[in-house]
Amino acid sequence: MKPQEAGTAAPEGAQAPKGSVRLGNYLKRLRAGYGYSLRRVEERARAVGGEIDNSQLSRYEKGICYPSFDKLRVLASVFNVSIQAFSDVVDLEAYEALKPAEGEPNELVERGHAALQRGDMGLAFACYERAIELLEREPGRDGRDETIGWARISLATALARLSKLSLAEQEIRNALRATPRPAPSFEAHALLALANIHADQGDLLLAELEAGRAYDRARSEPSEPLAAQALHTLGRVLAQRHQEEAAIERYRQAVELYEAARNDYESTRVRINIGLCYAGLGKLREAIRLLREALARAQASGYRRLEAQALSTLGEAYYRQGARAQASACFRQSDGIAGASDPRYPDLLFVNAFYEWRMAIEDRHPTRERIAFGRLKALRSSLERRFPEVEAFDAYVERGRRNG
């Protein structure tokens with residue numbers, strides 16, 4: 001049901017639905033960031049061809065009612081954000097109940113890191129956000145405090161893995177703006193976070209520039225863990241450009257540095273990427289061997305997200321090899337983990353459904369094809385990330401529209 005806007009009557013006997021406190025706070029922060037009064041937003045709304053009464057905006061900010069889609073479109077123009085960002089903000093209310101009631105900020109950040117490694121993105125987000133709330137209340141701190149900035153970068157990482165890319169980018173840019181003279185390591189981590197978001201969005205040139213700048217800072221520090229992350233991101237950019245051999249070289253350098261820093265999670269993640277590169281080169285036996293090793297590491301350490309990712313990537317390698325039964329088994333196992341997680345991993349579910357759809361088409365099985373296509377359509381709306389399976393599906397849908 002579409003949320004009702006203030007000023008419209010609810011059906012007799014029905015209670016008008018409330019708005020969103022989280023969305024209201026987000027609108028208030030946007031307005032404060034521009035230095036606008038309620039009246040000024042009303043004027044800016046008219047300037048972009050819309051109408052928002054200042055009393056309406058006050059009710060939105062207090063969470064009394066939801067804006068209609070038309071009002072959200074006007075507010076998006078006024079504040080130069082996407083309408084998707086508003087939807088993402090409301091989605092995040094699902095994690096409000098996960099916020100720890102107790103804990104010191106540093107402890108909460110560490111709990112967030114642990115949740116991120118387990119693949120529990122919702123809890124990681126809740127821990128980071130709670131840490132920021134507590135830090136902002138501490139006497140003597142203000143928005144320019146670098147400690148808060150570090151927490152915001154961690155929050156942005158969780159948001160990106162929840163597929164809230166626009167919000168993640170806003171968090172990083174806010175952290176950089178609020179830290180006029182950041183330490184080199186802080187700036188490098190922020191650049192890397194931006195690089196990964198831009199790689200997700202398909203802007204590989206910008207991602208490469210940011211990751212390269214971060215790598216230069218890591219070498220000047222020097223910081224091996226930071227250099228590992230930069231090499232990891234540079235490898236990812238090369239892989240997305242289908243320069244697999246160069247990507248493998250960067251990935252192997254990253255693995256060495258991650259293992260020297262005893263970062264088993266990221267080392268395992270890169271090993272999955274190396275396996276995918278070998279599959280892209282057509283070296284399928286080596287790809288399958290590497291992916292099985294990465295899968296075993298993820299299972300032994302309890303890395304649920306990486307286990308699901310390794311299974312999905314292994315399924316793709318088997319598909320390329322023509323081993324349909326093994327491919328389907330891997331996709332089903334990956335679905336069992338990705339679909340049961342809270343929150344789910346929609347990117348992996350999409351990849352799995354994409355290859356099931358492809359196999360159904362090739363097998364000329366219309367029922368399986370329709371089921372897989374329906375899953376892809378349902379999952380597509382929740383994905384901001386750009387990756388080959390998304391682009392192939394979008395191109396197919398666009399061709400269908402053009403052909404009527």
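- Annotation: E362, atom CD; neighbour count of heavy atoms from other residues, nucleotides and ligands within 6.0 Å is above 12.
- For R368, the CZ atom sits in a packed shell: over 12 heavy atoms of surrounding residues, nucleotides or ligands are nearer than 6.0 Å.
- Summarising the local packing, CZ of R219 is surrounded by 12 or fewer heavy atoms from other residues, nucleotides or ligands at distances under 6.0 Å.
- A donor atom on one side chain and an acceptor atom on the other are not found under 3.5 Å apart for N273 and R236.
- Y95 approaches A126 most closely through the heavy-atom pair O-CB, 3.8 Å.
- Aromatic rings of F331 and Y355 (six-membered ring for Trp) have centroids within the 6.0 Å cut-off, being under it.
- The distance between the ring centers of F393 and F350 falls below 6.0 angstrom.
- Around the CG atom of N106, the shell of radius 6.0 Å holds no more than 12 heavy atoms that belong to other residues, nucleotides or ligands.
- R152 pairs with exactly one of E146, E136, E129 by the salt bridge (Lys or Arg N to Asp or Glu O under 4.0 Å) rule, that one being E136.
- In this structure, R73 pairs ionically with D70, as a charged nitrogen and a carboxylate oxygen lie closer than 4.0 Å.
- Cation-pi geometry between R305 and Y345 is met: the NZ or CZ atom falls under 6.0 Å from the ring centre, inside 45° of the normal.
- Residues Y128 and H113 bring their aromatic ring centres within 6.0 Å.
- Ring geometry, F373 versus W357: the interplanar angle falls from 30° to 60°, so the pair is classed tilted.
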